[in-house]
Colleague: 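Just passing along the structure, written as structure tokens.
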Amino acid sequence: MEQQKLPNATISIVLGSLSFICCCFSMGIGGVILSAIAFFLAKKDENLYAEQPDLYSNFGQVKTAKIIAIIGLIIGVITFAWSLYYINSLGGWDAYMEQTKDVYRQMGIDME
């Protein structure tokens, strides 16, 4: 019988990789969401492979995707926790937004 590729291996790697980028631009939330989806898909393929290992040829990709998703999840959670700490140390959301507006004003960008 011809071996097939596991269906979610490639998308899991792509989502896990994108989670690194999204950690930087969304206070960690985007990274957590994308890496959680990647982990879920990799775990689903891992279970599929465990049922009939002779049918599939790219289990190494699934293991790689799972590792990337776990790393992205950890980085996302750390980034989110740091963001919450930073906002709290400034005095809350309103103070954070005021500081952000000040930075934009100094750069010559009007936020209002």
Side-chain angles (χ1 to χ4, degrees):
M1 194 181 317
E2 187 176 321
Q3 289 189 326
Q4 305 170 5
K5 292 191 179 283
L6 288 161
N8 299 316
T10 304
I11 192 68
S12 297
I13 288 177
V14 170
L15 288 174
S17 300
L18 284 175
S19 72
F20 293 141
I21 298 168
C22 290
C23 284
C24 300
F25 298 112
S26 63
M27 295 173 51
I29 297 170
V32 169
I33 292 170
L34 289 179
S35 60
I37 293 170
F39 183 78
F40 172 76
L41 292 174
K43 194 70 176 155
K44 187 176 171 185
D45 274 359
E46 198 175 61
N47 292 338
L48 188 62
Y49 179 81
E51 290 175 8
Q52 296 177 325
D54 324 349
L55 287 180
Y56 303 105
S57 64
N58 62 338
F59 185 64
Q61 267 188 319
V62 173
K63 291 194 302 187
T64 302
K66 188 175 173 186
I67 291 168
I68 291 172
I70 290 170
I71 293 170
L73 190 61
I74 291 169
I75 292 172
V77 167
I78 290 170
T79 304
F80 183 66
W82 180 83
S83 298
L84 289 178
Y85 170 76
Y86 182 70
I87 291 169
N88 190 37
S89 69
L90 287 175
W93 184 256
D94 291 333
Y96 171 75
M97 290 306 294
E98 192 59 41
Q99 184 187 26
T100 303
K101 287 178 185 178
D102 288 342
V103 169
Y104 281 129
R105 275 189 219 112
Q106 290 173 3
M107 293 175 17
I109 302 171
D110 189 23
M111 291 294 294
E112 294 176 62

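Here, residue 1 is the first one in the sequence, and each next residue gets the next number. Below, all heavy atoms of this structure are taken into account, side chains as well, without hydrogens, waters or symmetry copies.
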Colleague: Report the relative orientation of the aromatic rings in Tyr56 and Tyr49; use parallel for angles under 30°, tilted for 30 to 60°, perpendicular for over 60°.
Modeller: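 Answer is tilted, since the angle falls between 30° and 60°.
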Colleague: Does some side-chain heavy atom of Gln61 sit less than 4.5 Å from a side-chain heavy atom of Leu6?
Modeller: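 Answer no - side chains too far apart.
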Colleague: Determine yes or no for a side-chain-to-main-chain donor-acceptor pair under 3.5 angstrom, with Glu46 supplying the side chain and Lys63 the backbone.
Modeller: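 It does not hold such a pair.
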Colleague: Hey, is Lys101 close enough to Glu98 for a salt bridge, meaning N to O under 4.0 Å?
Modeller: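 The answer is no: the pair does not qualify as a salt bridge.
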Colleague: Which other residues end up in the same hydrophobic cluster as Val77, if Ile, Leu, Val, Met, Phe, Trp and Tyr are linked when side-chain heavy atoms come under 4.5 Å apart?
Modeller: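 Members alongside Val77: Val32, Leu73.
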Colleague: Can you name the nearest heavy-atom pair linking Asp54 to Gln3, along with the distance?
Modeller: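 Heavy-atom minimum between the residues: O-NE2, 3.1 Å.
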Colleague: Where is the tightest heavy-atom contact between Ser17 and Ile68, given as atom of each residue plus distance?
Modeller: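 Looking at all heavy atoms of both residues, the closest pair is N-CG2, 3.8 Å.
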Colleague: Compare every heavy atom of Ala38 with every heavy atom of Leu15, then report the nearest pair and how far apart it is.
Modeller: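 Closest approach of Leu15 to Ala38, heavy atoms only: CB-CB, 3.8 Å.
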Colleague: Supply the atom-to-atom distance Leu18 CG to Ile11 CD1, rounded to the nearest 0.5 angstrom.
Modeller: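 The CG atom of Leu18 sits 8.5 Å away from the CD1 atom of Ile11.
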Colleague: Could you tell me which non-hydrogen atom of Cys23 sits nearest to which non-hydrogen atom of Thr79, and how far apart they are?
Modeller: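 For Cys23 versus Thr79, the nearest heavy atoms are O-CG2, 3.4 Å.
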Colleague: Count I, L, V, M, F, W, Y as connected when their side-chain heavy atoms are under 4.5 Å apart, and connections chain through other members. Are Leu34 and Phe80 then in the same cluster?
Modeller: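 In one cluster with Leu34: Phe80, yes.
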Colleague: I need the minimum non-hydrogen distance between Gly72 and Ser19, along with the two atoms involved.
Modeller: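 Heavy atoms of Gly72 and Ser19 come nearest at CA-OG, 3.6 Å.
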Colleague: Rounded at 0.5 Å granularity, tell me how far CH2 in Trp93 sits from CG in Asn88.
Modeller: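 Trp93 CH2 to Asn88 CG: 13.0 Å, rounded to 0.5 Å.
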Colleague: Quick one: pull up CD1 in Ile70 and OG in Ser35 and give me the separation to the nearest 0.5 Å.
Modeller: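 One finds 10.0 Å between CD1 of Ile70 and OG of Ser35.
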Colleague: Is there a chain of hydrophobic side chains (I, L, V, M, F, W, Y, each step under 4.5 Å between heavy atoms) that links Ile67 to Phe20?
Modeller: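 Per the 4.5 Å side-chain linkage, Ile67 and Phe20 are co-clustered.
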Colleague: Atom CE of Met27 and atom OG of Ser83: how far apart are they, to the nearest 0.5 Å?
Modeller: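 Separation between the atoms: 4.5 Å.
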Colleague: Tell me if the centroids of the rings in Trp82 and Tyr85 come within less than 6.0 Å of each other.
Modeller: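 When the ring centroids of Trp82 and Tyr85 are compared, they turn out to be at least 6.0 Å apart.
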Colleague: Hey, does the side chain of Asp45 reach the backbone of Asn8 with a donor-acceptor pair shorter than 3.5 angstrom?
Modeller: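 Flag set: sc Asp45 to bb Asn8 pair under 3.5 Å.
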Colleague: Hey, any chance Ile37 and Ile21 share a hydrophobic cluster, counting ILVMFWY side chains that come within less than 4.5 Å of each other, even indirectly?
Modeller: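 The answer is yes; both residues are in one hydrophobic cluster.
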Colleague: Measure across Gly31 and Ser26 and return the closest heavy-atom pair with its distance rounded to 0.1 Å.
Modeller: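 Where Gly31 meets Ser26 most closely, the heavy atoms are N-OG, 4.0 Å.
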Colleague: Do Ile13 and Ile71 sit in the same hydrophobic cluster, where Ile, Leu, Val, Met, Phe, Trp and Tyr count as joined when their side-chain heavy atoms come under 4.5 Å apart?
Modeller: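 Yes.
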Colleague: With side chains defined as the heavy atoms from C-beta onward, is the minimum distance between Lys5 and Thr10 less than 4.5 Å?
Modeller: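 Heavy-atom side-chain distance check fails, nothing below 4.5 Å.
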Colleague: Taking atom CE of Met107 and atom CG of Asp102, what is their separation to the nearest 0.5 Å?
Modeller: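 Going from CE on Met107 over to CG on Asp102, the span is 12.5 Å.
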Colleague: Consider only side-chain heavy atoms of I, L, V, M, F, W and Y, link residues closer than 4.5 Å, and tell whether Ile33 and Ile74 are in one cluster.
Modeller: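 No; tracing contacts between hydrophobic side chains, which count when under 4.5 Å, never links both residues.
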